[in-house]
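All remarks here apply to the structure that follows.
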Amino acid sequence: MRRRLAAPSGRGSRLTISTGEERARLGERLRGAVLKPPREGAAEARPASVEELEQRARGTDDKERLVGLFAGPCAAAITFVVVDALISNDPPSRLASGVLDTRHVSVTLYHDVLLVL
């Protein structure tokens, strides 16, 4: 006996073939898994005043400081690795035929960029 499936009832849902139940689309499932749902019984959030926003912008909490202290050295390490790879893989200034290679970049430029960063 074949089971007939009805069209999905609305945007954002699909019917599964095996059970005929509706399930949410991938984007909605990921949103539900990643984002926090609103607290039950929480009052409606009122818009923050300008003074409150300025106060929040002035200070950072511990999580923001930790991200900054971790991300800074990681970015520096990535910069050193990328510049070293660019220097190592820089083509010679002249091709075998003696013509200037347009892909060649002076190594001094790489060192200057590394010094600035």
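The figures that follow rest on heavy atoms only: side chains count, while hydrogens, waters and symmetry mates do not.
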Problem set entry | Residues in side-chain hydrogen bond (donor to acceptor under 3.5 Å, both in side chains) contact with Glu52, at least two apart in sequence or another chain | Arg46

Exercise. How would you list all residue pairs meeting side chain to side chain donor-acceptor pair (under 3.5 Å) that involve residues 81-105, not counting sequence neighbours?
Worked result: Asp90-His104

Exercise. Is it true that Ile78 and Leu114 fall in one hydrophobic cluster, defined by side-chain heavy atoms closer than 4.5 Å?
Worked result: yes

Exercise. Which residues pass the side-chain contact (heavy atoms from CB on, under 4.5 Å) test with Thr108, sequence neighbours left out?
Worked result: Ser106, Asp112

For this session: Go through the structure and list residues passing side-chain contact (heavy atoms from CB on, under 4.5 Å) with Glu51, not counting sequence neighbours.
Result: Ser49

Seminar exercise, completed: Looking only at heavy atoms, the pair that brings Gly68 and Pro73 closest together is O-CD, 4.5 Å

Problem set entry | Residues which pass side-chain contact (heavy atoms from CB on, under 4.5 Å) with Leu30, listed by chain and number, not counting sequence neighbours | Leu26

Exercise. Is there a path of hydrophobic side-chain contacts, each under 4.5 Å between heavy atoms of I, L, V, M, F, W or Y residues, that connects Val105 with Leu95?
Worked result: no

Problem set entry | With sequence neighbours excluded, residues passing side-chain contact (heavy atoms from CB on, under 4.5 Å) with Ile87 | Val83, Val107, Tyr110, His111

